[in-house]
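So the structure is just underneath, and the comments pick up after that.
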Amino acid sequence: MQDWFDLAKKMDSLVLEAAATAGLEDTFTADIRTADPRFGDLQANGALPYAKRNKANPRQIGQSIVDLLEKNEDLTSKVEITLSGPGFINFKFKADFLQDWLKTFSGSEQLKKAAAHLQENETVVVDYSSPNTAKQMHIGHLRSLIIGESICKLLAFCGAKVIRDNHIGDWGTAYGRLFYAYKRFLDEENLEANPLGELERLYKLGSKLATEDEEVVKESREELVKLQSEDPEAMALWEQVNGHSIDGIKRVYELFDISFDHYLGESFYRNMVEQVYKELEESGLGEESEGAWVVFHPEHKRYATQPFMYRKSDGASNYATTDLATMLYRAEHFKASSIIIETDFRQKDHFEQLELTTQKWFEKTGRTFPKFSHVFHGTIMGENGKAMASRTGEPVLLKDLIAESIERAEKIVREKNDEKIAKGQAALAEEEIVAAAKVIGTSSIRYAELSQNRTSDYVFAWDKLLSFEGNTAPYLLYAATRIKSIFRNFEAADLENLADKASNIETDEELALARKILGFVGVLQQTVETLRPHLLCTYLFELAGAYSSFYNANKVIVPEADIQSRRLMLCQRTLDVLETGLGLLGIPTLERM
RNA sequence: GCGGUAGUAGCUCAGCUGGAUAGAGCAACGGAUUUCUAAUCCGUGGGUCGGGGGUUCAAGUCCCUCCUACCGUGCCA
């Protein structure tokens with residue numbers, strides 16, 4: 001039974017085996033996918049394209065495979081096999097099999113253990129969030145942080161070794177102006193209370209003064225030159241500013257319960273740029289153009305003429321240089337088999353050029369090029385169709401966004417609680433209300449972010465984000481809470497080994513729920529392959545829907561012990577998958593809400 | 001100019017990389033509640049998948065061509 005965890009994979013191998021026995025060429029692919037529930041659970045569509053390529057009759061090809069599969073008694077005891085339409089092979093799992101599966105893969109630990117082979121032996125460096133220092137985190141930083149963290153959790157769950165690396169922008173040209181202002185206008189109290197706010201204020205002040213006064217520009221440039229030549233005094237100030245900056249950033253991460261393994265910002269790579277210059281020149285990839293050093297890719301339609309500049313005409317490095325050094329460090333020091341960078345879609349060109357360049361550079365120097373993925377996301381739009389901003393035109397700060405979300409959530413929790421009191425139901429204690437509001441508030445922001453296809457822009461609307469209906473975090477949290485509420489009627493011992501005491505699942509709602517639970521593995525795999533968490537969200541929403549339908553139509557606590565056991569078992573498995581899935585999105589469940 | 005990402009129900013979005021009669025949620029309308037938490041469930045109506053052409057057994061999905069929005073395109077990151 002263990003090899004049935006990944007149903008699509010199992011069916012794929014069985015169909016391929018049958019195809020080979022039937023004498024089909026090895027160009028045959030099973031093409032397993034989830035089927036429309038009308039037809040079954042899974043379907044194999046491979047007969048159609050194969051027949052087309054070989055000018056054969058697809059139904060005959062399909063029939064020859066079905067005939068062979070039918071001879072496998074172990075298989076036919078589990079699955080109903082039918083051929084239909086132009087040559088689709090449909091598989092419908094029998095109720096006994098659903099039951100066996102639920103019995104075998106019980107509990108989130110079991111799920112995790114079984115999932116751990118999907119990405120085993122992978123070492124993945126994930127670069128996400130990566131804000132610039134000396135600026136407060138605002139709504140523009142939200143997507144990378146939330147999506148990146150979820151990707152990390154997904155990969156780790158599937159058995160990968162994950163290294164969370166925050167590639168902060170801490171060595172940019174902004175420092176000259178910041179230092180100029182810092183030395184003259186620092187408000188120490190504010191720095192203590194709100195380090196990022198104060199640094200941002202100083203940076204803006206320095207920038208403003210520079211536009212008004214040539215002398216400021218000159219002095220700022222001198223500050224930057226001192227820093228880049230690693231003048232001790234400038235470095236000490238930089239260390240101090242950076243320390244405050246990272247403290248401020250971490251305060252925001254704490255609100256989301258996120259932490260990084262490394263903060264290897266651009267500054268970390270400053271002494272490796274010489275090696276990049278040298279190797280790119282020696283390998284013949286780099287060339288001088290208009291006074292700067294660049295890489296062209298003649299085979300590429302656009303990058304044949306659009307340069308990848310890694311050294312400016314004044315001899316200084318830029319972010320291409322540090323990114324190249326970063327690729328090298330991640331490959332050699334972390335021995336990454338895969339590198340993922342999560343940013344805004346506007347940096348697509350840069351990362352395509354980075355990938356092409358690094359690939360050639362590593363090839364010429366005999367290094368192994370890890371798998372590279374630039375995972376990008378669209379813009380969060382305001383309701384006016386432009387990038388999200390507050391009334392003053394400034395981007396909304398993340399700490400304010402979360403605070404408002406929690407506040408709104410608390411209001412709703414209190415309203416619902418008052419209704420409970422009015423109906424004479426058990427009310428939530430004050431701490432429970434506050435804790436629930438915190439979970440609901442932050443989870444709502446997270447889920448709104450993750451449930452969107454990341455490549456698209458999306459419209460941010462408070463009423464949608466905090467809507468407690470539809471495909472939202474509260475809907476899922478509520479489903480989990482109802483399950484736990486049922487369990488509170490039992491002693492822990494009553495809930496053990498339910499599968500052994502259960503009769504066969506039989507109602508439509510029980511069967512539909514069981515099928516949905518089995519679908520988790522396929523969705524997990526697809527989510528990890530495409531690095532698109534919204535696939536998991538869609539699934540969890542459907543799972544919660546299947547549970548709610550079941551809950552409304554089938555009473556769990558009933559006099560018949562065997563029926564009660566099987567329904568409790570379904571509740572347990574639903575909760576396992578729900579908690580596991582929500583956990584991968586960074587969302588904890590609640591006991592009561 | 002070149003290139004990228006989008007355009008699917010009134011609104012917000014899915015659509016598993018070419019599969020069977022295009023799906024959800026919200027909003028609208030009709031129903032279910034002596035509750036294992038109704039923050040729920042069941043049902044109804046709603047579509048020229050931006051327009052046009054093409055490829056094939058099969059196109060929302062692929063190729064061409066227009067239209068619209070946002071974005072990138074040599075010294076910011």
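Below, chain A is the first sequence line, B the second, and so on; all start at residue 1. In what follows, every heavy atom counts, from backbone to side chain, and hydrogens, waters and symmetry copies are set aside. As the structure is a prediction and not an experimental result, all values here were calculated from the model.
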Flag if over 12 foreign heavy atoms under 6.0 Å of NZ, A/Lys10: yes

B/U17 - base-pair partner by Watson-Crick or wobble geometry, distances under 3.5 Å: none

Rounded distance (Å) that lies between atom P of B/U56 and atom CG of A/Asn45: 20 Å

Phosphate-side-chain proximity, A/Thr455 and B/A6, N/O vs OP1/OP2 below 4.0 Å: yes

Distance, P atom - from B/G43 to B/C26, rounded to whole angstrom: 14 Å

Touch class at under 4.0 angstrom, heavy-atom based, for A/Ser549 against every strand present: sugar-phosphate

For atom CG of A/Asp344 and atom C1' of B/G4, their distance in whole Å: 13 Å

Rounded distance (Å) that lies between atom P of B/G7 and atom CE of A/Met381: 14 Å

A/Phe308 ring center within less than 6.0 Å of A/His350 ring center: yes

Among B/A39, B/G15, B/U40, the nucleotide that comes nearest once only the side chain of A/Tyr475 is considered: B/U40

Ring centre gap for A/Phe550 and A/Tyr547 strictly below 6.0 Å: yes

Any A/Arg33 side-chain N or O less than 4.0 Å from OP1/OP2 of B/U17: yes

Pairwise C1' distance, B/C49 and B/A59 [rounded to whole Å]: 11 Å

Sugar-phosphate only, base, or nothing, as touched by A/Leu535 at under 4.0 Å among non-hydrogen atoms: sugar-phosphate

Distance in angstrom units between A/Ile563 CD1 and B/C36 C1', rounded: 15 Å

Whole-Å gap separating P (B/G3) and CD (A/Glu352): 13 Å

Check: B/C41 base within 3.5 Å donor-acceptor of A/Ser548 side chain: no

Atom-pair distance (CZ on A/Arg532; P on B/U17), nearest Å: 12 Å

Sugar-phosphate only, base, or nothing, as touched by A/Lys348 at under 4.0 Å among non-hydrogen atoms: sugar-phosphate

A/Gly441 to A/Ser405 - nearest heavy-atom pair and separation: O-OG, 2.9 Å

Side-chain H-bond candidate by donor/acceptor type, A/Glu449 with A/Tyr458, under 3.5 Å: yes

Stacked cation flag A/Arg482 on A/Tyr551, 6.0 angstrom / 45 deg: yes

Phosphate OP1/OP2 of B/U33 contacted by A/Tyr551 side-chain N/O (<4.0 Å): no

Under 3.5 Å on both distances, the Watson-Crick or G-U partner of B/C11: B/G25

C1' spacing across the pair B/C11 / B/G1, given as an integer number of angstrom: 37 Å

Nearest to side-chain heavy atoms of A/Gln452, which nucleotide of B/C36, B/C13, B/A39: B/C13

Any donor-acceptor pair under 3.5 Å from A/Asn54 side chain to A/Ala56 backbone: no

Please tabulate, for side-chain N and O atoms in residues 80-90 of chain A, each donor-acceptor pair with protein atoms closer than 3.5 Å (sequence neighbours left out).
from: A/Ser84; atom 1: OG; to: A/Asn90; atom 2: ND2; distance (Å): 3.0
from: A/Asn90; atom 1: OD1; to: A/Gln43; atom 2: NE2; distance (Å): 3.4

Side-chain N,O (A/His300) to OP1/OP2 (B/G3) below 4.0 Å: no

Chi-angle category of B/U55 [syn within 90° of 0, anti beyond]: anti

Axial cation check for A/Phe93 ring with A/Arg515, 6.0 Å and 45° limits: no

5' priority, RNA chain B, between A/Ser456 and A/Val413 [closest heavy atom]: A/Ser456

G-U wobble or Watson-Crick pairing nucleotide for B/A6 (cut-off 3.5 Å, both distances): B/U68

P spacing across the pair B/C66 / B/G19, given as an integer number of angstrom: 28 Å

Verify stack between A/Phe88 ring and B/G19 base, 5.5 Å, 30 degrees: no

Phosphate OP1/OP2 of B/C36: any A/Lys555 side-chain N/O under 4.0 Å: yes

Close aromatic pair by centroid cut-off 6.0 Å: A/Tyr329 and A/Phe268: yes

Pair assignment for B/C41, Watson-Crick or G-U wobble, requiring both distances under 3.5 Å: B/G31

Atom pair distance, as rounded to whole Å: CZ in A/Phe460 and P in B/C70: 22 Å

Chi angles and distances behind the side chain to side chain contact (heavy atoms under 4.5 Å, CB included) call for A/Ile557, A/Phe490: CA-CA 10 Å; A/Ile557 299 174; A/Phe490 297 89; 3.9 Å; yes

Electrostatic pair A/Lys411-A/Glu407, nearest N-O below 4.0 angstrom: no

Strand partner of B/G1, provided both Watson-Crick or wobble distances fall under 3.5 Å: B/U73

Sugar-phosphate or base contact per nucleotide [nucleotides 72-77 of chain B; S, B, -; heavy atom under 4.0 Å]: SSBBSB

B/C71 and B/G31, which share atom name C1', separated by this distance in whole Å: 48 Å

Partner nucleotide, any strand, of B/G47 [Watson-Crick/G-U, under 3.5 Å]: none

Touch class at under 4.0 angstrom, heavy-atom based, for A/Asn90 against every strand present: base

Touch class at under 4.0 angstrom, heavy-atom based, for A/Pro49 against every strand present: base

Short side-chain N/O contact from A/Ser84 to OP1 or OP2 of B/A20, under 4.0 Å: no

Value in whole Å for how far the P atom of B/C36 lies from CG of A/Asp494: 18 Å

Touch class at under 4.0 angstrom, heavy-atom based, for A/Asn554 against every strand present: base

Options B/A39, B/G19, B/G4, nucleotide nearest the side-chain atoms of A/Tyr478: B/A39

Sugar-phosphate, base or nothing in reach of A/Gln43, heavy atoms under 4.0 Å: base

B/G18 versus B/U61 - spacing of their C1' atoms, nearest Å: 7 Å

First of A/Phe550 and A/Gly545 reached from the 5' end of RNA chain B, by closest nucleotide: A/Phe550

Sugar-phosphate, base or nothing in reach of A/Glu591, heavy atoms under 4.0 Å: base

Sugar-phosphate only, base, or nothing, as touched by A/Phe376 at under 4.0 Å among non-hydrogen atoms: nothing

Touch class at under 4.0 angstrom, heavy-atom based, for A/Phe308 against every strand present: nothing

Spacing of the C1' atoms in B/U55 and B/C64 (rounded, Å): 11 Å

B/G51 versus B/G7 - spacing of their P atoms, nearest Å: 13 Å

Among B/G25, B/C16, B/A39, the nucleotide that comes nearest once only the side chain of A/Met593 is considered: B/A39

